[in-house]
*Asks:* 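One structure is given below, represented as C-alpha cells, and several questions about it will come after.
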Amino acid sequence: MKPNTILAAFLLMSGSAQVWAAPAPVSEAANSNQTLEERVSQLESMMRTRNLLQAELQQQLNLLQEEVSQVRGVTEEQSYKLEKVLQRQRELYQEIENRVSQAYDQSQSTAAAVTPDVTPEQAFSSNLSENEAYDRTVNMIMKDKRYDAAIPEFQSFLQQYPNSVYVPNAHYWLGQLFLIKSDDGKAKSHFATVVDNFPESNKRPEAMLKLGTILHKKGQAAEAKTLLNKLIKEYPSTTPAKLATERLAKM
C-alpha cells in the first residue's frame, strides 16, 4: 500500500477511534520536519497500539462474561437443590399425616399392631442442628414406623428447641400419636396448644378438626360445633374445612 493511501485510510478511521486513544496534538501531527514516510510510520504505530488495546479489552470482557456465567450456574444449581429439599419435605409431611391418620381411623387394635414395642432412642445430641433434630424424629415415624418411640423424641425436641419454627408441628404430631394410643386427654392438650398459640401455623386447621372431634367424642357437642364452624369460617377452602362440614352434618 502506498504511503498516501495508508494516510488517507487512517484519517477516515480516526473519527471512530477517539474512545481508544486521544488524537495527537496538531502541532505534532503536522510537524513540518517529519517526512511523509515518518508520519505514516507514526500513524501505523498508533493503529497497532489501538488494536492491541481493543484485543486486551475484548479478552477482559470475555473473562468477565465467563465468570458471570459460572456464578449464574452455581446460583441456579443451589436454587434447584433447595427447591428439591423443600418439595421432599412437603411430601414427607403429607405422607406422615396420611399414615398416622389411617392408623388412628382403622381401630385401636390396628394401631397397636403397627406400633412395635421398642426402647426410645437417646436424647438428641447437642451438636445436632434444629433441622437435623426435627428430621430425625420425623423419620422415626416415616421410615421406621416407631410411633411409641417418636413420642419422647418429639417431647425432647420441644425441650431442646422451645423457639423452633417446628414447635407447632411437633405439638400437632404429638397430638396425633397420642390419639393412636387412645390418650385423648394428652392429644387434646397438644392440639389445643396449636390452635390457641400458633395462629399462623399451617397445622392449625388440622388441629382444629382433631380437637373438635375429641370434644364431640367427650360429649362436649356445643364446644365441638363452635370450633368446627370457626374452622370452616377461617379456612373455608381447605380439606379440614370440608371434613368439618361433613362431621357437623352428622352431629
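Index from 1, following the sequence. Worth saying up front: this structure is predicted, and the values here are computed from it rather than measured.
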*Asks:* Strictly under 6.0 Å, is that where the ring centroids of Tyr161 and Tyr166 end up?
*Replies:* no
*Asks:* Between Phe198 and Pro168, what is the shortest heavy-atom contact and its length?
*Replies:*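 Of all heavy-atom pairs spanning Phe198 and Pro168, the closest is CG-CB, 3.7 Å.
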*Asks:* Under the side-chain contact (heavy atoms from CB on, under 4.5 Å) rule, collect the residues that match up with Gln220, sequence neighbours excluded.
*Replies:* Lys188, Leu215, Lys218, Glu223
*Asks:* Can you list everything that forms a ring pair (Phe, Tyr, Trp, His ring centres under 6.0 Å) with Phe178? Sequence neighbours excluded, please.
*Replies:*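 Counting only residues at least two positions away or on another chain, Phe178 forms a ring pair (Phe, Tyr, Trp, His ring centres under 6.0 Å) with His190.
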*Asks:* Got a second to check how far Asn139's CG is from Arg146's CZ, nearest 0.5 Å?
*Replies:*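 Result: 11.5 Å between the selected atoms.
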*Asks:* Show your reasoning for whether side-chain contact (heavy atoms from CB on, under 4.5 Å) applies to Gln54 and Asn51.
*Replies:* CA-CA 5 Å; Gln54 287 178 326; Asn51 291 338; 3.5 Å; yes
*Asks:* Once you round to the nearest 0.5 Å, how far does NE2 of His216 lie from NZ of Lys250?
*Replies:*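 Going from the NE2 atom of His216 to the NZ atom of Lys250 covers 11.0 Å.
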*Asks:* Does the pair Arg204 and Glu234 meet the rule for a salt bridge (charged side-chain N to carboxylate O under 4.0 Å, His left out), with working shown?
*Replies:* CA-CA 10 Å; Arg204 189 169 183 264; Glu234 294 184 3; 2.7 Å; yes
*Asks:* Taking side chain to side chain donor-acceptor pair (under 3.5 Å) as the test, write out the residues that go with Ser164, two or more places apart.
*Replies:*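 Only Glu130 meet the side chain to side chain donor-acceptor pair (under 3.5 Å) criterion with Ser164.
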*Asks:* Is there a side-chain contact between Met208 and Leu228 in this structure, where contact means two heavy atoms from C-beta onward sitting under 4.5 Å apart?
*Replies:*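 Sidechains of Leu228 and Met208: no contact.
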*Asks:* Taking all atoms of both residues into account, what is the closest heavy-atom pair of Lys233 and Pro236, and its distance?
*Replies:*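 What the structure gives for the nearest pair is O-CD, 3.7 Å.
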*Asks:* Could you list all the side-chain hydrogen bond (donor to acceptor under 3.5 Å, both in side chains) pairs where at least one residue sits in residues 191-202, not counting sequence neighbours?
*Replies:*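 Residue pairs with at least one partner in residues 191-202: there are none.
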*Asks:* Pro162 and Val167: which non-hydrogen atoms are nearest, and at how many Å?
*Replies:* O-CG2, 3.5 Å
*Asks:* State which residues pass side chain to side chain donor-acceptor pair (under 3.5 Å) with Gln58; sequence neighbours excluded, sorted by chain then number.
*Replies:*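 Checked Gln58 against side chain to side chain donor-acceptor pair (under 3.5 Å); matches are Asn62.
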*Asks:* Indicate yes or no for a side-chain donor-acceptor contact from Ser156 to the backbone of Pro152 under 3.5 Å, with no hydrogens or angles considered.
*Replies:* no
*Asks:* Please report the interatomic distance CE(Met251) to NZ(Lys225), rounded to the nearest 0.5 Å.
*Replies:*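 Going from CE on Met251 over to NZ on Lys225, the span is 7.5 Å.
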*Asks:* Name all residues meeting the side-chain contact (heavy atoms from CB on, under 4.5 Å) criterion together with Gln60; count only those two or more places apart in sequence or in a different chain, and write none if there are none.
*Replies:* Glu56, Leu57
*Asks:* Between atom CD1 of Ile151 and atom OH of Tyr147, what is the distance when rounded to the nearest 0.5 Å?
*Replies:* 11.5 Å
*Asks:* Roughly how far apart are Leu179 CG and Trp173 CH2, rounded to 0.5 Å?
*Replies:* 12.0 Å
*Asks:* In chain order, what residues pass the side-chain contact (heavy atoms from CB on, under 4.5 Å) check against Ala207, with sequence neighbours excluded?
*Replies:*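 Only Tyr172, Phe191, Val194, Val195 meet the side-chain contact (heavy atoms from CB on, under 4.5 Å) criterion with Ala207.
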*Asks:* Side chains of Gln155 and Leu158, heavy atoms from C-beta outward: is any pair under 4.5 Å?
*Replies:*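 With C-beta onward as the side chain, the pair stays apart.
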*Asks:* Who passes side-chain contact (heavy atoms from CB on, under 4.5 Å) against Pro240, sequence neighbours left out?
*Replies:*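 Pro205, Glu206, Leu209, Leu231, Thr238.
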*Asks:* Out of curiosity, Leu243 CG to Lys210 NZ, how far, rounded to the nearest 0.5 Å?
*Replies:* 8.5 Å
*Asks:* Which pair of non-hydrogen atoms, one from Ala241 and one from Tyr235, has the smallest distance, and what is that distance?
*Replies:*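 So the minimum-distance heavy-atom pair works out to CB-O, 2.9 Å.
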*Asks:* Would you check if the side chain of Ser45 reaches a backbone N or O of Ser41 as a donor-acceptor pair within less than 3.5 Å?
*Replies:* no
